[in-house]
Novice: 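Shown below is the structure under consideration.
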Amino acid sequence: MMSTIALIVAAGRGTRALSGSTGPAFDDTTPKQYRRLAGQSVLSRSMHPFTDHPQIDRIIVVIHPDDGEEYAKHTLKHPKVGDPVMGGATRAESVLNGLRAAAALSPERILIHDAARPFIGKDVISRVLDALNTHPAAVPTLLAVDAMRRVGNGGILADTVERDGIRRAQTPQGFRFTTLLPIMEAAASSGTLPSLSDEAQAIITAGQSVASVEGDPMNFKVTIPEDFTMAERLLAQPDIRTGQGYDVHAFGDGDHVVLCGIKIPHDRGLSGHSDADVGLHTITDALLGAVAEGDIGRHFPPSDPQWKGMDSAVFLERAVEIVSERGYAISNIDLTLICEEPKVTPHAPAMIARVAELCGLDPSRVSIKATTSEQLGFTGRREGIAATAVATVIGKA
Ligand code: MG
């Protein structure tokens, strides 16, 4: 197998990220590659796909001489990662320093990657490596989908830039090592190093071909503060909360019970202040619990005569509103009714449809199950119906 080194260039100061002209300034002066994204530095995130890639043998990071302490404290440690190499005054010099350090390991291939591209995927790395089987160099590129316009003085649009054949270059740029190093050394000797836009440019200037492979829109460069906002959003964990509910109603006089809004004929009714719908009460409590908003009794006190004989749908609808007001959407509800009688299962589809309607959910997100308690306890003695429910809600962010 060919030996391959990944060179991560992290020697820049990231001034555009520190003082973006269109967005809020950052509150500290940490270079962007050491800023945290969901707890991990941009640099560490940019390194990880290379440490994880089976065809990458070694990783060399080029850092700014002032950043040694920051690097040592907060950067990914991995057996593939060697000691950092100090960068130079320009990006090209930093790359050359890295190449010289890599030369000691005599690699066959080298990938050069911006430390500010933390969402590089293993697929792009593989495509660049594959292209090096047939070309001395390869660059991942993306179709420029937006119209390209030149903007003139005073922010006035000038001419349209012809988009045909225009692609946006990303990193890692890949090279056969024995092709790149002499070309970069020659550029350094002749003083043309600072004028190179990147290493691929050096290859082209030397008359060799650079293959274009498909890049990845996710592999964007974190440059201005807005990019950090986007990166944070991509990494944000959903705010998922769970609530549980439990309720019991005793049997009393009557010729039907109401369970989850469905009237079920029975030789007894359920007693309670409202319509005694133990199913809807339990779901209401689970939803209120998920957003830590107390229980059904706090919102609808049994002492209040206005709730007498009330359709319990009113309670559930209010709980659904409260969940929404708190910034959450209901994900799913799972209710278990516990009784020896009446038989619940034949009515479950209608109950599910009613609960789904009240909660604004697809019926596939509502589960209603029934069980007996094997004739044990108060439900087993047919003294009443108990219910338990779990509801999951997701922050709408
Ligand atoms: Mg109740």
Novice: Taking all heavy atoms of V355 and all of I368, pick out the closest pair and write down the distance.
Specialist: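 What the structure gives for the nearest pair is CG2-CD1, 4.1 Å.
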Novice: Where is the tightest heavy-atom contact between F177 and P107, given as atom of each residue plus distance?
Specialist: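 Smallest heavy-atom distance, with atoms named: CB-O, 3.3 Å.
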Novice: Do H299 side-chain atoms and E293 backbone N/O form a donor-acceptor pair below 3.5 Å?
Specialist: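 Yes.
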Novice: Can you name the closest pair of heavy atoms from I120 and P172 and give their distance?
Specialist: CD1-CD, 3.4 Å
Novice: Counting distance only, does the side-chain N/O of D334 pair as donor-acceptor with the main-chain N or O of V390 below 3.5 Å?
Specialist: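 Pair absent, no side-chain N/O of D334 close to backbone of V390.
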Novice: Ignoring hydrogens, what is the shortest heavy-atom contact between A391 and L287? Give both atom names and the distance.
Specialist: CB-CD2, 3.7 Å
Novice: Membership question, hydrophobic clusters at under 4.5 Å side-chain separation (ILVMFWY): are Y34 and V85 in the same one?
Specialist: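 Each belongs to a different hydrophobic cluster.
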Novice: Are V278 and L259 close enough that some pair of their side-chain heavy atoms sits under 4.5 Å apart?
Specialist: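 Yes. Closest side-chain heavy atoms under 4.5 Å.
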Novice: Just how far is it from atom CG of L180 to atom CD of E185, taken to the nearest 0.5 Å?
Specialist: 10.0 Å
Novice: Between T171 (side chain only) and D114 (backbone N and O only), is there a donor and an acceptor less than 3.5 Å apart?
Specialist: yes
Novice: Please report the interatomic distance CZ(F50) to CG(L111), rounded to the nearest 0.5 Å.
Specialist: 6.0 Å
Novice: Taking the side chain as everything from C-beta on, heavy atoms only, tell me whether F220 gets closer than 4.5 Å to D227.
Specialist: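 Of all side-chain heavy-atom pairs linking D227 with F220, at least one is under 4.5 Å.
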Novice: Is it the case that over 12 heavy atoms from other parts of the model lie below 6.0 angstrom from the CD atom of E69?
Specialist: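 It does not: E69 CD has 12 such atoms or fewer within range.
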Novice: How far apart are the closest heavy atoms of A202 and I183, and which atoms are they?
Specialist: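 Minimum heavy-atom contact is O-CG2, 3.5 Å.
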Novice: Answer yes or no: is there an ion pair linking D216 with R117, defined by an N-O contact shorter than 4.0 Å?
Specialist: no
Novice: Are the side chain of R163 and the backbone N or O of M148 linked by a donor-acceptor pair below 3.5 Å?
Specialist: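 Side chain of R163 to backbone of M148, a donor-acceptor pair under 3.5 Å: no, none is there.
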Novice: Taking A115's backbone N and O only, do any of them form a donor-acceptor pair with S46's side chain (distance below 3.5 Å, no angle check)?
Specialist: yes
Novice: Using 0.5 Å steps for rounding, measure from the CG atom of L280 to the CG atom of L335.
Specialist: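 With rounding to 0.5 Å, CG (L280) is 8.5 Å from CG (L335).
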Novice: Which atom pair, heavy atoms only, marks the closest approach of I56 to A6?
Specialist: CG2-CB, 4.0 Å
Novice: Quick one: does N97's side chain have a donor or acceptor within less than 3.5 Å of a partner on M86's backbone?
Specialist: yes
Novice: Do the side chain of E108 and the main chain of S3 share a donor and acceptor less than 3.5 angstrom apart?
Specialist: yes
Novice: Could you tell me whether K369 atom NZ has more than 12 heavy atoms of other residues or ligands within 6.0 Å of it?
Specialist: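 Enclosed: over 12 neighbouring heavy atoms sit under 6.0 Å from NZ of K369.
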Novice: Only pairs at least two apart or in different chains count here, so list each side-chain hydrogen bond (donor to acceptor under 3.5 Å, both in side chains) that has a residue in residues 71-81.
Specialist: R36-H74
Novice: Evaluate L196 against M184 for side-chain contact (heavy atoms from CB on, under 4.5 Å), listing each step before the verdict.
Specialist: CA-CA 10 Å; L196 294 173; M184 292 291 284; 4.2 Å; yes
Novice: Keeping R167 on the side-chain end and T141 on the backbone end, is there a donor-acceptor pair under 3.5 Å?
Specialist: yes
Novice: Any salt bridge linking D198 with R91? Criterion: basic side-chain nitrogen under 4.0 Å from a carboxylate oxygen.
Specialist: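 Salt bridge: no.
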Novice: If we ignore hydrogens and angles and just use 3.5 Å, is the side chain of H135 paired with the main-chain N or O of A137 as donor and acceptor?
Specialist: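 No; judged by distance alone, with no hydrogens or angles, the pair does not exist.
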Novice: Should H113 and I8 count as side-chain neighbours, where that means a heavy-atom distance under 4.5 Å?
Specialist: yes
Novice: Whether the side chain of R45 engages the backbone of A38 through a donor-acceptor N/O pair (distance < 3.5 Å, no angle test) should be reported.
Specialist: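 Yes, because the side chain of R45 sits within donor-acceptor range (under 3.5 Å) of the backbone of A38.
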Novice: Is it possible for you to check whether R318 lies under 6.0 Å from the centre of the six-membered ring of F300, through NZ or CZ, and within 45° of that ring's axis?
Specialist: no
Novice: Roughly how far apart are L142 CG and Q170 CD, rounded to 0.5 Å?
Specialist: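 Nearest 0.5 Å value for the CG-CD distance: 4.0 Å.
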Novice: To the nearest 0.5 Å, what is the distance between CD1 (I110) and CZ (R176)?
Specialist: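 Rounded to the nearest 0.5 Å, the CD1-CZ separation comes to 15.0 Å.
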Novice: Would you mind writing out the side-chain donor-acceptor pairs for residues 268-275 within the sub-3.5 Å range, not counting sequence neighbours?
Specialist:
| unit_1 | atom_1 | unit_2 | atom_2 | d |
| --- | --- | --- | --- | --- |
| R268 | NH1 | R382 | O | 3.2 |
| R268 | NH2 | E341 | OE2 | 3.3 |
| R268 | NH2 | R382 | O | 3.1 |
| S271 | OG | A250 | O | 3.1 |
| H273 | NE2 | P302 | O | 3.1 |
| H273 | NE2 | D304 | O | 3.3 |
| S274 | OG | A276 | N | 3.2 |
| S274 | OG | H281 | NE2 | 3.2 |
| D275 | OD1 | D277 | N | 3.1 |
| D275 | OD1 | S312 | OG | 2.4 |
| D275 | OD2 | S312 | N | 3.0 |

Novice: Any chance CG of D253 has more than 12 other-residue heavy atoms, nucleotides or ligands included, within less than 6.0 Å?
Specialist: no
Novice: Any chance CZ of R150 has more than 12 other-residue heavy atoms, nucleotides or ligands included, within less than 6.0 Å?
Specialist: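 At most 12 heavy atoms, drawn from other residues, nucleotides or ligands, come within 6.0 Å of this atom.
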Novice: So how far is it from H256 NE2 to I262 CD1, rounded to the nearest 0.5 Å?
Specialist: 12.0 Å
Novice: Got a sec: does the CD of E325 have more than 12 other heavy atoms crowding it under 6.0 Å?
Specialist: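 Count over threshold, so yes.
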